[in-house]
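Notes follow once the structure below has been shown.
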Amino acid sequence: MTTAQELMDVQSARLATLDEALPSSYLLPHRGEPLMARLADGTEVAGLMAHTSHPPGSLQRLWSATENYELFPLLGEHPRAGMDALLDSWRRQLSQREITAADSSAVVTWPSRDVDATRALLDHGFAPLTCLAVRPAAPAKYTKLSGTVKTRRAGTDDLDAVVELALAELNYAALVGGSVLRGDAETLKRNAARVRLHTTGRTGSEPVWLAERDGEPIGLAECGWTDTETHPGQHRLASGRWGYVNCLSVREQERGTGIGSLLTALAHDEFARAGVVGSYLYYNPANPLSSVFWPRQGYRPLWTVWEMRPATALR
Ligand SMILES: CC(C)(COP(=O)(O)OP(=O)(O)OC[C@H]1O[C@@H](n2cnc3c(N)ncnc32)[C@H](O)[C@@H]1OP(=O)(O)O)[C@@H](O)C(=O)NCCC(=O)NCCS
């Protein structure tokens with residue numbers, strides 16, 4: 001019998017050869033329901049399923065379904081057949097539970113470059129709703145803007161402008177990815193932005209910039225810092241301190257004129273000065289703007305978040 005540890009070791013070694021930017025180990029949640037599956041030749045694969053509920057009022061509801069069922073696969077060296085067999089087994093496991101919520105999701109977050117597993121996820125009907133993308137720390141490239149656009153760090157007095165631009169991004173993202181426009185979205189965004197504008201981290205305040213034309217806010221870059229040692233929730237990055245782009249938003253009528261690139265350059269410069277390993281962000285592959293914009297800014301997919309909504313639709 002193959003042990004979970006053996007599957008984990010073989011899987012970790014295989015993933016390390018696929019993508020050197022992945023963290024050295026694949027972390028399982030502390031609690032979950034174990035899952036087993038057998039391939040046609042008797043080979044075993046395994047997984048752990050974690051169930052999380054996001055009650056009304058929690059920020060995660062802006063990008064997650066209320067009831068989340070997440071699978072953490074241990075596929076050894078069988079990414080395609082192993083993922084296929086495990087998803088069959090997961091479907092049977094989920095069908096025995098009373099999942100009534102239409103607002104539910106089955107989620108698998110998997111290394112983007114493991115395309116054999118991608119085939120199995122697509123065959124089971126999963127959609128690649130989100131990518132965690134990374135960029136090595138490097139100096140920014142600036143393009144000169146025409147006109148009268150000015151940029152500056154946002155402060156606590158800019159809360160209304162930050163919330164308005166963040167909500168515009170959420171509106172757009174809810175059309176092209178996993179984000180959800182909840183009724184309390186404005187309150188949730190306001191509370192999160194207030195914290196970010198007030199937070200003082202190791203490297204100074206969380207960096208947030210506004211772009212303005214004639215004093216009118218037209219663009220927002222809301223960024224932060226993630227240290228993998230003090231932020232164990234972010235276990236999908238190689239260890240070290242990272243810059244994080246939480247939200248980039250440019251007013252619709254101002255897009256395509258270089259404002260997003262300028263704000264991103266400011267963020268990349270600040271990240272580089274702070275000596276980060278690199279920077280990361282989440283974007284939706286079906287977003288026709290950001291899926292082009294971020295790779296041009298030097299980002300590439302590291303993990304893909306595959307989702308099935310509702311979870312009962314798993315096939
Ligand atoms: C993604 C976004 C922030 C980029 O900001 P922007 O100011 O439009 O970006 P830029 O003008 O610097 O660059 C956009 C690129 O698309 C091109 N483009 C052309 N017309 C465009 C248009 N109407 N809208 C957007 N981009 C356009 C630009 O030419 C540019 O390409 P380039 O590298 O050849 O210069 C902005 O489009 C936006 O707010 N989108 C909606 C929210 C969103 O998706 N946010 C990102 C979430 S991850």
Side-chain angles (χ1 to χ4, degrees), residues 59-60 62-64 109 112 127-135 138-152 154 158 161-181 185-186 188-189 192-193 196 207-214 216-224 226 234 236-237 242-269 271 278-305 307:
L59 190 62
Q60 286 98 325
L62 295 185
W63 63 87
S64 285
T109 303
S112 306
L129 285 192
T130 309
C131 259
L132 190 173
V134 288
R135 174 188 189 271
K141 289 194 198 110
Y142 283 92
T143 329
K144 204 169 159 15
L145 279 186
S146 58
T148 54
V149 177
K150 291 201 172 113
T151 56
R152 64 174 175 85
D158 297 308
V162 169
V163 172
E164 188 213 315
L165 285 156
L167 280 173
E169 192 269 342
L170 178 67
N171 267 284
Y172 197 88
L175 296 172
V176 294
S179 297
V180 192
L181 261 185
E186 180 167 357
L188 292 171
K189 282 281 182 195
R196 197 176 291 281
V208 180
W209 289 269
L210 282 174
E212 294 176 324
R213 190 188 298 285
D214 304 324
E216 185 67 23
I218 53 171
L220 165 74
E222 203 189 337
C223 305
T226 298
Q234 187 46 278
R236 294 198 166 99
L237 297 171
W242 291 76
Y244 172 46
V245 182
N246 179 57
C247 173
L248 185 72
S249 178
V250 172
R251 279 228 176 118
E252 193 175 348
Q253 55 280 18
E254 303 277 356
R255 289 177 195 157
T257 62
I259 296 162
S261 303
L262 176 63
L263 288 166
T264 305
L266 293 172
H268 287 161
D269 269 352
F271 295 156
S279 49
Y280 74 102
L281 49 83
Y282 295 87
Y283 75 84
N284 304 126
N287 182 330
L289 303 177
S290 65
S291 61
V292 179
F293 181 81
W294 290 122
R296 294 189 82 159
Q297 299 293 332
Y299 288 82
R300 58 90 163 173
L302 183 66
W303 295 87
T304 303
V305 184
E307 291 205 40

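When a ligand or atom number is given, it counts from 1 through the structure's own listing order.
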Looking only at protein heavy atoms, identify the closest one to atom 32 (P) of ligand 1 and say how far it is in Å.
-> Arg296 NH1, 3.6 Å
Mark whether atom 21 (C) of ligand 1 lies under 4.0 angstrom from at least one protein heavy atom.
-> yes
Note: ligand 1 atoms sitting under 4.0 Å from heavy atoms of Thr257 are 11 (O)
Atom 39 (O) of ligand 1 has as its nearest protein heavy atom Val250 N, 2.9 Å
Do Ser279 and Tyr299 get their side chains close enough for a donor-acceptor pair, meaning under 3.5 Å?
-> yes
Looking only at non-hydrogen atoms, find the nearest pair between Ser179 and Leu170 and report the distance.
-> CB-CD1, 3.8 Å
Quick one: does NZ or CZ of Arg196 land under 6.0 Å from the six-membered ring centre of Tyr244, within 45 degrees of the ring axis?
-> no
Measure the distance from atom 45 (N) of ligand 1 to every protein heavy atom, then report the residue, atom name and distance (to 0.1 Å) of the closest one.
-> Leu248 O, 2.9 Å
Specify the protein heavy atom at minimum distance from atom 24 (N) of ligand 1: its residue, its atom name, and the distance to 0.1 Å.
-> Arg255 CB, 3.5 Å
Heavy-atom side-chain contact between Ser261 and Tyr142 under 4.5 Å | no
re atom 7 (O) of ligand 1, the protein heavy-atom contact at minimum distance is Gly260 N, 2.7 Å
Checking heavy atoms under 4.0 Å, the part of Trp294 that sits near ligand 1 is side chain
Quick one: nearest non-hydrogen protein atom to atom 12 (O) of ligand 1, plus distance?
-> Ser261 OG, 2.5 Å
Only heavy atoms count here, so choose which of Ala211, Gly258, Ser290, Gly256 is nearest to atom 19 (C) of ligand 1.
-> Gly256
Please identify each residue that fulfils salt bridge (Lys or Arg N to Asp or Glu O under 4.0 Å) with Glu169, with sequence neighbours left out.
-> none
Within a distance of under 4.0 Å, is there any protein heavy atom near atom 41 (C) of ligand 1?
-> yes
With side chains defined as the heavy atoms from C-beta onward, is the minimum distance between Leu302 and Arg236 less than 4.5 Å?
-> no
Could you list the atoms of ligand 1 found under 4.0 angstrom from a heavy atom of Asn287?
-> 43 (C), 44 (O)
Ligand-side contact atoms (ligand 1) for residue partner Ile259, heavy atom cut-off under 4.0 Å = 7 (O), 12 (O)
Looking only at protein heavy atoms, identify the closest one to atom 47 (C) of ligand 1 and say how far it is in Å.
-> Glu169 OE2, 3.1 Å
Determine the minimum heavy-atom distance between Leu165 and Leu210, stating which atoms define it.
-> CD1-CD2, 4.0 Å
Under-4.0 Å protein heavy-atom contact, atom 30 (C) of ligand 1 = no
Under 3.5 Å side-chain donor-acceptor pair for Thr226 and Tyr280 | yes
Any idea which atoms of ligand 1 are less than 4.0 Å away from a heavy-atom of Ser249?
-> 39 (O)
Within 4.0 Å of some non-hydrogen atom of Tyr282, the atoms of ligand 1 are 48 (S)
Atom 9 (O) of ligand 1: closest protein heavy atom, distance to 0.1 Å, is Phe293 CE1, 3.5 Å
At their closest point, which heavy atom of Val134 faces which heavy atom of Leu132, and how far apart are they?
-> CG1-CD2, 4.1 Å
Closest contact, heavy atoms only, Pro288 versus Tyr172 = CG-OH, 3.4 Å
Val245 vs Thr264 side-chain heavy atoms within contact, under 4.5 Å | no
